[in-house]
Amino acid sequence: MARALVLLSVVVASVFISQGSTSENQRLFNNAVIRVQHLHQLAAKMITDFEESLLPEERRQLSKIFPLSFCNSDSIEAPTGKDETQKSSVLKLLHISYRLIESWEYPSRILGNPNQITEKLADLKVGISVLIKGCLDGQPNMDDNESLPLPFEDFYQTLGDGNLRKSFRLLACFKKDMHKVETYLRVANCRRSLDSNCTL
Amino acid sequence: MELRTSLSLLCVLLCMLGIQAISQHRDTPEDYTPGTHTPEDYTPDLPVFPHFTTCRSREQETFRCWWSAGTFSNLSEPGALAVFFQMKTTPLSDWQECPEYTATVENECYFNKTFTQIWTSYCVQLRATTQNITYDEYCFTVENIVHPDPPVGLNWTLLNVSRSGLNFDILVRWAPPPSADVQTGWMSLKYEVQYRQRNAFHWDKLELESGTQQSIYGLQTDKEYEVRVHCKMSSFENFGEFSDSIFVHVAPIPSKESMFPMKVLLVFGVLGLVILLMLVIFTQQQRLMVILLPPVPAPKIKGIDPELLKKGKMDQLNSLLSSQHMYNQDTYREDPWVEFIQLDLDDAGGKSDSSDTQRLLGLTRPGLKGDDDSGRASCYDPDLLPDPEGLLAAHCEMEERHPLVSESGPSTPSPEAADAPFFPVQTQPVGQSWINMDFYAQVSDVTPAGGVVLSPGQQSDTPGKNPAEKKKKGEDAGDEEVEKEKKMQLQLLVVGSDGGYSPEVVARQVESSAPYSPAPENAYHALPPEPGEEPQTWSGGYLAADGEAQTPYFLPEAPPASILPPVSDYTVVQEVDGQHSLLLNPSAPQSPACPPNPTKHLPSMPAVPMGYLTPELLENLSP
C-alpha cells in the first residue's frame with residue numbers, strides 16, 4: 001500500500017513537472033511565433049516604403065522584375081504546401097526555420113539598422129535552437145551535416161549600388177522567407193500544443 | 001484640296017491609333033506588377049486584346065485565373081485561347097497548360113493543390129491556340145494573390161445604452177471563413193469592421209482586429225446602422241470580399257421625453273428664484289443697507305449739550321438736572337441724614353444786593369439763628385455732628401451762616417425754593433473770596449471718589465479752602481426743610497467742572513431742630529471724582545444725594561474706613577487738579593478743637609455708591 005502510494009505520487013509529480021516543462025516550451029514557442037510575425041511585418045513595411053519611394057517610371061521598371069529572380073534561400077528544401085507542411089514533423093520545421101533565419105543573418109545588415117533586424121534575427125535563431133533542443137529531448141541531431149547554402153555571386157553586390165531591381169529583389173526575398181518561417185512555426189506550435197485541431 | 005487634307009488627317013489619326021494599339025500589345029506582357037495586375041481600361045472603339053483579368057487564391061492552397069477575350073469576339077469561343085503557366089523553380093519547369101479549365105465558369109483556369117506551390121513564382125500566359133501568339137503574361141507568387149473569403153456568422157449584441165438614452169454600444173461577433181485554415185495555423189487573418197448609417201454613403205472603418213469580435217461605441221439610438229466585415233492575411237494587403245451586412249437598430253428609450261419637462265422645470269425654478277431675490281432686494285433696500293453697511297456712529301458726547309454749557313445757561317442746566325428723577329424729593333425726605341445746604345432762592349435775585357462776602361460773613365437768617373447749635377464756637381453739637389462735609393466757610397464760631405448757605409428755614413419755606421430748581425448760589429472764584437474770609441471748613445473726610453468731606457469749621461485761623469460745590473436741586477428743597485428740622489448740617493459738594501466753569505459751591509444747610517440723629521447723615525461730599533473717573537463734560541451740579549444707590553454721585557462706595565486715611569481736623573489742600581477739585585493731604589494731623597471724628601461716623605455710613613451725575617444718566621434724563 002505504501003509503495004503504491006509512493007509510486008502514485010511520483011507519477012503525479014512527473015506529470016506535473018512535464019506539464020510545467022511543456023508549458024515552458026509552449027511559452028517559448030509562442031514567443032518565437034510572435035517574434036517572427038514581427039519580422040514579417042517589418043519586411044512588409046520595408047517593401048511598401050521602398051515602392052512608395054519610387055518614381056512612376058521606376059515602378060514600371062519594377063514590374064519587370066517578375067519573373068522574380070531567384071532568392072538565395074531557394075536552395076533550402078522546404079515544404080511548399082499546406083499538406084506537405086502539416087506532414088512534416090515539428091523538428092523538421094524547426095530545423096528549416098533555423099536555417100532560413102541563419103541564412104539572413106548576414107545579409108540583413110544591408111537591409112538597414114534602424115529596425116535592428118540583425119539582432120532580432122539572432123535572437124530568433126537562439127530561440128529556435130532552444131526549441132529544437134527541447135524537441136530533441138536527448139536525441140541526437142540528425143541535421144547537423146547540412147551546410148549553409150552558398151550565396152549567389154552577385155547577391156550581395158547589388159545592395160547599395162542603387163540598382164532598383166536588385167534592391168527590390170532583396171527585400172522581396174526577405175519578406176518571403178519571413179512568411180515561410182512564420183507559417184512553419186505557427187503550424188509547429190499548433191501541433192505541439194496537442195490540440196486536436198492541429199493534427200490531420 | 002480639302003478632301004486630301006481630310007483624308008490625310010484621317011490617315012494620321014488611324015496610324016496613331018494603330019501605333020498605340022501595337023505599343024500596348026507589346027507592353028502588356030511586361031507591365032504586370034506582381035499582385036497588382038489590373039484590367040486595362042480601353043475605350044470600346046479601340047481593339048482590346050485578350051488579357052488576364054486577375055488571378056486569386058482564397059485559402060492559399062489553390063488559385064484561379066480569369067481572362068477576357070477583349071474585343072476580339074472570335075477568340076471568345078471556348079478553346080480559342082489557352083493558358084500556360086510556368087513555375088520558377090530552380091530547374092525551370094516547362095510551360096504547362098492550365099491543369100483545369102473550369103467548366104462552369106467561363107474563361108477561368110483553376111489550379112488545384114497539386115499545382116499550387118506557395119512561395120514560388122508563377123507566370124501564366126494567354127495564348128491563342130491556333131496561332132503562336134501570346135496575348136498576355138502575368139507573373140506572381142501565390143501568397144501575394146490571396147484574397148480570403150468573407151467571415152461568416154456576423155451578429156451583434158447590445159452592450160449598454162447611455163444615460164441620456166441617445167447613444168448605445170454594441171458588440172459585433174463573427175466567425176472566420178471556413179475555407180481559411182486558421183486553426184492549424186496555416187493562415188493568420190486580420191479583420192476589419194465597417195459600419196455606416198442606413199442612408200449614408202461613407203463607411204466608417206475600425207481598427208484591424210486579430211480576434212473574432214469587436215465593439216462599436218457611440219451609435220445613436222434612433223438611427224439604423226449597417227455593419228459588415230472583411231479580412232486579409234496579416235502583413236499582406238489584399239482584402240477579401242465583404243460579408244453580408246447586418247442591420248443594427250435600437251429604439252430610443254422614452255426617458256428622453258421625461259428629461260425635457262425636467263429641464264423646463266429647472267429653468268423656471270431658477271428664474272423664479274432670481275426674480276424673488278430681486279424683489280427682496282429692491283423692497284428691503286433700506287434695511288439691507290443698514291445691515292450691510294451699518295452707519296458709523298458719529299462722535300457724540302453724551303450728556304449735556306455743550307452749547308448749553310458754553311452759553312452759561314445754568315438755569316436750563318439746573319432745570320435739566322432737577323428734572324431728573326434722581327433728584328426726587330422723596331428720597332431726600334427718606335434719608336434723614338441727607339443734608340445739604342440749601343440756598344435761598346430768593347437770594348438768587350438779590351444777589352446783587354449784597355456781596356457774597358457779606359453774605360458769607362453776616363448772614364443772619366431766621367432759620368439759621370433758630371438753631372441753637374449753630375454759631376457756637378464749639379463748632380457744633382457733637383450729636384449733630386457727623387457732618388463730615390465741611391460746610392463751606394461755616395465757622396462754628398460765627399453765627400452767621402455760610403454765605404453760600406442759604407437758609408431756608410422751616411419757618412420760611414419758600415415754595416419756590418422747594419420747587420424751584422436749585423440754583424447754584426454763588427459763582428466765586430475759589431481763591432479770591434476765600435482768602436478774605438476768615439473762615440474755613442475743616443475737611444473731615446476724603447471720599448474714595450475724591451470727594452472732600454468738609455465739616456463745619458471749628459477754627460478760624462486755619463485756612464482751608466474748600467471749594468464749594470454747586471448743589472442744585474429744587475427738589476431737594478422739600479427734603480431740606482424736613483431735614484432742617486432734624487439737623488443742621490452742611491454738606492459740601494465739590495463739583496468737578498468743565499474747563500470753563502468755576503466750581504460753585506452750593507451748600508445747603510438744613511436746619512434741624514429735631515434731635516439730631518446720630519446716624520451718620522451727611523455723606524455728601526461729592527468731590528470731583530478722581531481724575532479719570534468723571535467724564536470731562538460733566539459740569540452740572542451735584543445733588544445732595546441720599547443714601548440711595550441710585551444717586552450716583554453721593555456717598556462713598558467703598559467702606560470708608562479702608563479708603564479714608566486717618567483724618568484730622570484739618571487737611572492740607574495739596575493741590576487743585578484740573579477739574580477744580582481739591583486734593584487733600586490726609587496725612588497732616590492737627591488738633592481740632594472740635595473735630596468731628598469722621599472715622600467714627602464713616603463706617604456707619606452706609607456704603608453707597610459714590611458717583612456723580614454720569615453722562616449716561618444725563619443722557620437718559622435729557623429729552
Side-chain angles (χ1 to χ4, degrees), chain A residues 33 36-45 47-48 51 59-71 73-75 77-86 93 100 168 172-173 175-193 195-200, chain B residues 27-38 57 59-62 85-93 111-125 137-146 179-188 190 208 210 232-237:
Chain A
V33 170
V36 74
Q37 275 176 345
H38 176 64
L39 281 165
H40 186 205
Q41 261 178 350
L42 273 178
K45 187 172 173 297
I47 280 189
T48 320
E51 281 179 347
R59 282 209 192 113
R60 264 185 276 117
Q61 269 187 350
L62 212 60
S63 64
K64 295 165 188 177
I65 290 178
F66 275 100
L68 184 65
S69 305
F70 301 103
C71 288
S73 55
D74 289 344
S75 59
E77 286 277 339
T80 54
K82 174 184 160 187
D83 297 337
E84 194 179 347
T85 308
Q86 285 188 328
L93 291 173
L100 283 169
F168 182 77
C173 286
K175 182 177 183 297
K176 187 186 79 169
D177 287 340
M178 290 303 107
H179 183 229
K180 254 186 184 178
V181 172
E182 180 191 343
T183 309
Y184 293 156
L185 286 180
R186 221 175 21 234
V187 171
N189 188 21
C190 185
R191 189 98 56 76
R192 191 97 177 138
S193 66
D195 198 351
S196 62
N197 293 332
C198 293
T199 57
L200 284 174
Chain B
D27 290 340
T28 41
E30 301 162 353
D31 269 344
Y32 288 112
T33 54
T36 58
H37 175 67
T38 54
S57 171
E59 70 289 76
Q60 205 176 343
E61 297 170 40
T62 64
F85 72 94
Q86 185 189 35
M87 290 192 291
K88 305 289 184 183
T89 53
T90 314
L92 274 175
S93 64
F111 295 81
N112 56 16
K113 282 189 186 180
T114 322
F115 292 96
T116 308
Q117 290 187 8
I118 318 299
W119 304 298
T120 313
S121 298
Y122 278 78
C123 280
V124 288
Q125 284 183 347
E137 189 177 7
Y138 180 35
C139 298
F140 54 87
T141 56
V142 177
E143 68 270 17
N144 288 325
I145 59 165
V146 174
S179 59
D181 192 359
V182 188
Q183 291 165 346
T184 59
W186 177 243
M187 287 171 71
S188 72
K190 289 256 172 80
L208 286 177
S210 302
K232 70 171 178 75
M233 291 228 298
S234 52
S235 306
F236 289 90
E237 300 90 26

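All chains are named by letter (A, B, ...) in the order of the sequence lines, taking the proteins before the strands, and each is independently numbered beginning at 1.
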Interchain contact, [X] with chain A, by part (heavy-atom threshold 4.5 Å):
X: B:Ser188; result: both
X: B:Gln86; result: neither
X: B:Glu143; result: side chain

### Query
Between the side chains of A:Gln86 and B:Thr184, is a donor N or O closer than 3.5 angstrom to an acceptor N or O?
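Yes.
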
### Query
Could you go step by step and tell me if A:Lys82 and B:Glu59 meet the side chain to side chain contact (heavy atoms under 4.5 Å, CB included) rule?
CA-CA 10 Å; A:Lys82 174 184 160 187; B:Glu59 70 289 76; over 6 Å; no

### Task
Under the ring-ring contact (aromatic ring centres under 6.0 Å, His included) rule, collect the residues that match up with B:Phe111, sequence neighbours excluded.
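Per chain and number, B:Phe111 pairs via ring-ring contact (aromatic ring centres under 6.0 Å, His included) with B:Phe63, B:Phe85.
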
### Query
In chain order, what residues pass the side chain to side chain contact (heavy atoms under 4.5 Å, CB included) check against A:Ala44, with sequence neighbours excluded?
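Counting only residues at least two positions away or on another chain, A:Ala44 forms a side chain to side chain contact (heavy atoms under 4.5 Å, CB included) with A:Lys175, B:Ser235.
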
### Query
With a 4.5 angstrom heavy-atom cut-off, which part of A:Glu182 approaches chain B: side chain, backbone, both or neither?
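The side chain, not the backbone.
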
Rounded to the nearest 0.5 Å, what's the gap from [atom1] on [X] to [atom2] on [Y]? Could you check?
X: A:His179; Y: B:Ser234; atom1: NE2; atom2: OG; answer: 7.0 Å
X: A:Arg186; Y: B:Met187; atom1: CZ; atom2: CE; answer: 9.0 Å
X: A:Thr183; Y: B:Trp186; atom1: OG1; atom2: CH2; answer: 6.0 Å

### Full working for side chain to side chain contact (heavy atoms under 4.5 Å, CB included) between B:Trp119 and A:Asp177
CA-CA 8 Å; B:Trp119 304 298; A:Asp177 287 340; over 6 Å; no

